[in-house]
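In what follows, chains carry the letters A, B, and so on, assigned in the order in which the sequence lines appear, proteins first and then strands, with residues in each chain numbered from 1. It should be emphasised that the depicted structure is a prediction, and the values quoted were computed from it without experimental measurement. We use all heavy atoms of the structure for the numbers below, so side chains are in, but hydrogens, waters and symmetry mates are not.
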There are 2 protein chains.
Amino acid sequence: MATTALHTTVLDTIGRRITSGDVPAGTSLTLESIGTEFGVSRTVAREVMRLLEWLGLVRSGRRVGIVVLGADEWNVLDARVIRWRLEGPGRDAQLRTLTELRHAVEPLAAAGAARNASDAARASLVETATRMRVLGEAGDLEEFLRLDIRMHELLLRESGNEMFGALAGVVAAVLSGRTHLGLMPASPVPEALDQHEAVARAVADADPEAAEAAMSSIVGEVRRALPADT
Amino acid sequence: MATTALHTTVLDTIGRRITSGDVPAGTSLTLESIGTEFGVSRTVAREVMRLLEWLGLVRSGRRVGIVVLGADEWNVLDARVIRWRLEGPGRDAQLRTLTELRHAVEPLAAAGAARNASDAARASLVETATRMRVLGEAGDLEEFLRLDIRMHELLLRESGNEMFGALAGVVAAVLSGRTHLGLMPASPVPEALDQHEAVARAVADADPEAAEAAMSSIVGEVRRALPADT
DNA sequence: GCTTGCCAATGGTGCTATCAATGCGTCATG
DNA sequence: CATGACGCATTGATAGCACCATTGGCAAGC
């Protein structure tokens, strides 16, 4: 975002290569090769490597070059890494682990929102849920997704816990990945719409238990709908 | 870690300044000023700024310089940011939100570990729990902390979900912060020791429900022991 | 007085050149 | 065959340059 287009291009390309397994762990690169391949100076290549190093994808050392690290060293909670991995192979496993994370976090966040959300947020949640029903029944998946993301993000950010709020990007990536990878039914199941409305109502009524239960049921359903978790 | 000492020094100093509120949002810096203050070249200052930008602490723009961002833009889940904030004012609020996150994640992770942990890990958990009792009753807080971290880290990493594993650093930072900030009793309460043993046993017995319940009770107790959450 | 548009100062962006530091491979030597 | 010293490749760090987007002020016109 804030970083320039130049950096992001190189970063995304190399990041995708590594996370996809295209460039396996142990491979070693040099600043020179990156520079020539992308037509950038060593300065830019170096800064990109710094970022990748920070993301745990590579380690750089003198004389050794830049060596690619294994998946267990990656900063898997990073939104960029998640996006890359959702685009590559292994996206099913990725969706499973992320959904499990949602299962842990979102119910508590919903309960928090029921306690702490601003009046404006509560109203916005109710409105979003009703519009979701309309669009869902109309089968407008793209717009539905936008609202879905908005709703979950609102709940996380208004939960009163910034740590939950910080996961909004992750949840957005998952939701977006789910529809864009064709894992959504042509039109959302009625139960999901009911539950979203239930969450919104519970938050509006300042009823933490009901909000937690409804959200838990939403994520639980998503989890069951995923490919079998071997 | 992997980044050099030079970078880390500058990064830590500026990071602490910003997260502590010492340098308020809206302040603008220049590469020049940072370079001269720390006696580093503009290149290094630039790379540090790239990192800080990525962490959401600053945004850099042409002509504008580098402007400090507000707390709502920070990457609060980042281990570095967490460490900085635990050292500064507002550590109580920080501990509260982090504990709530633990409350969401750790019980599920324990259940996962009961399903997926390797035999070696199960054995190691049981051994760690028993040694924790010994050291806890002896009042060796420092060594107790080491084992405590080890146990929680094992559970998270063996949960079968790398997302939980990625939070091990966060949990370690919290545990470490809790004892080093003097929020621990001189010797751990017996209930905590019991519950840790209960988790270890449940994982060893491959009993997810028991593991989840015991872990939930551990974190729940920690939560109650915190300063009132206004 | 207020708006519109232009201009110059500012400070990050990206490049090149250069030297220092440092590990890895190699080769000579015992 | 083992061991140690040397050379070389490659990152780390600095300096200085050209470039240009942004901003704030200034001036002209309505």
Side-chain angles (χ1 to χ4, degrees), chain A residues 1-18 22-70 73-75 80, chain B residues 1-15 17-18 23-70 73-75 80:
Chain A
M1 310 284 178
T3 54
T4 68
L6 235 185
H7 285 93
T8 9
T9 318
V10 183
L11 185 71
D12 274 354
T13 309
I14 302 187
R16 250 187 291 264
R17 270 187 209 164
I18 295 178
D22 210 350
V23 175
T27 312
S28 102
L29 317 166
T30 69
L31 291 178
E32 198 60 38
S33 66
I34 291 161
T36 55
E37 178 182 350
F38 292 91
V40 297
S41 71
R42 258 186 53 193
T43 310
V44 171
R46 203 178 130 177
E47 282 170 10
V48 170
M49 283 307 132
R50 273 277 148 67
L51 246 358
L52 286 175
E53 195 174 354
W54 151 251
L55 290 176
L57 269 64
V58 303
R59 176 176 331 180
S60 75
R62 280 169 161 151
R63 163 66 191 173
V64 141
I66 292 137
V67 359
V68 177
L69 297 180
E73 303 264 16
W74 300 347
N75 200 338
R80 254 175 259 215
Chain B
M1 311 292 179
T3 54
T4 68
L6 235 183
H7 286 92
T8 8
T9 319
V10 183
L11 185 70
D12 274 354
T13 310
I14 302 187
R17 268 187 211 166
I18 295 177
V23 175
T27 312
S28 102
L29 317 167
T30 69
L31 291 180
E32 196 60 36
S33 64
I34 290 160
T36 54
E37 176 180 353
F38 292 90
V40 297
S41 70
R42 267 185 43 204
T43 309
V44 172
R46 247 173 87 171
E47 284 170 6
V48 170
M49 283 308 133
R50 276 272 147 70
L51 244 1
L52 285 174
E53 192 173 355
W54 151 249
L55 291 177
L57 297 200
V58 305
R59 176 175 329 180
S60 78
R62 279 173 161 154
R63 162 69 192 170
V64 154
I66 292 137
V67 2
V68 177
L69 298 179
E73 304 264 16
W74 299 347
N75 200 339
R80 256 175 256 216

Fill in: Sequence-distant partners of B/Asp12, side chain to side chain donor-acceptor pair (under 3.5 Å), two or more places apart
B/Trp84

Discussion item. For a quick test of reading the model, state the closest non-hydrogen atom pair linking B/Thr9 to B/Thr13 and the distance between them.
Written reply: O-OG1, 2.7 Å

Worksheet entry | For A/Arg46, all residues meeting side chain to side chain donor-acceptor pair (under 3.5 Å), sequence neighbours excluded | B/Glu47

Worksheet item: For the pair made of CD in B/Glu32 and C1' in C/dT10, what is the distance, rounded to whole Å?
Response: 12 Å

Item to complete: Give the rounded distance in Å between these two atoms: CD of B/Glu53 and C1' of C/dT13.
Response: 12 Å

Worksheet item: A/Trp54 and A/Asn75: which non-hydrogen atoms are nearest, and at how many Å?
Response: CZ2-ND2, 3.9 Å

Response to the item:
Looking only at C/dG12, C/dG14, D/dA13, the nucleotide nearest the B/Ser60 side chain is C/dG12

Fill in: Minimum-distance pair of heavy atoms, taken over all atoms of B/Met49 and B/Ile14
CE-CD1, 3.8 Å

I'd like a list of close polar pairs between nucleotides 16-24 of chain D and the protein, N/O only, cut-off under 3.5 Å.
residue: D/dA21; atom: O4'; partner: B/Arg62; partner atom: NH1; Å: 3.3

Worksheet item: Does OP1 or OP2 of C/dG14 have a side-chain N or O of A/His7 closer than 4.0 Å?
Response: yes

Discussion item. Measure CG/A/Leu52 against P/D/dT11 and give the value in whole Å, please.
Written reply: 14 Å

Protein N or O to nucleotides 3-5 of chain D N or O, pairs below 3.5 Å:
none

Discussion item. Taking the minimum atom-to-atom distance to the side chain of B/Arg50, which one of D/dA13, C/dG14, C/dG12 wins?
Written reply: C/dG14

Worksheet item: Whole-Å distance between C/dA21 P and A/Leu31 CG?
Response: 19 Å

Worksheet item: side chain to side chain donor-acceptor pair (under 3.5 Å) with B/Glu37: which residues, sequence neighbours excluded?
Response: B/Arg17

Worksheet item: side chain to side chain donor-acceptor pair (under 3.5 Å) with A/Thr30: which residues, sequence neighbours excluded?
Response: A/Ser33

Fill in: Closest non-hydrogen atom pair between A/Ile66 and A/Ser60, with its separation
CG1-CB, 3.7 Å

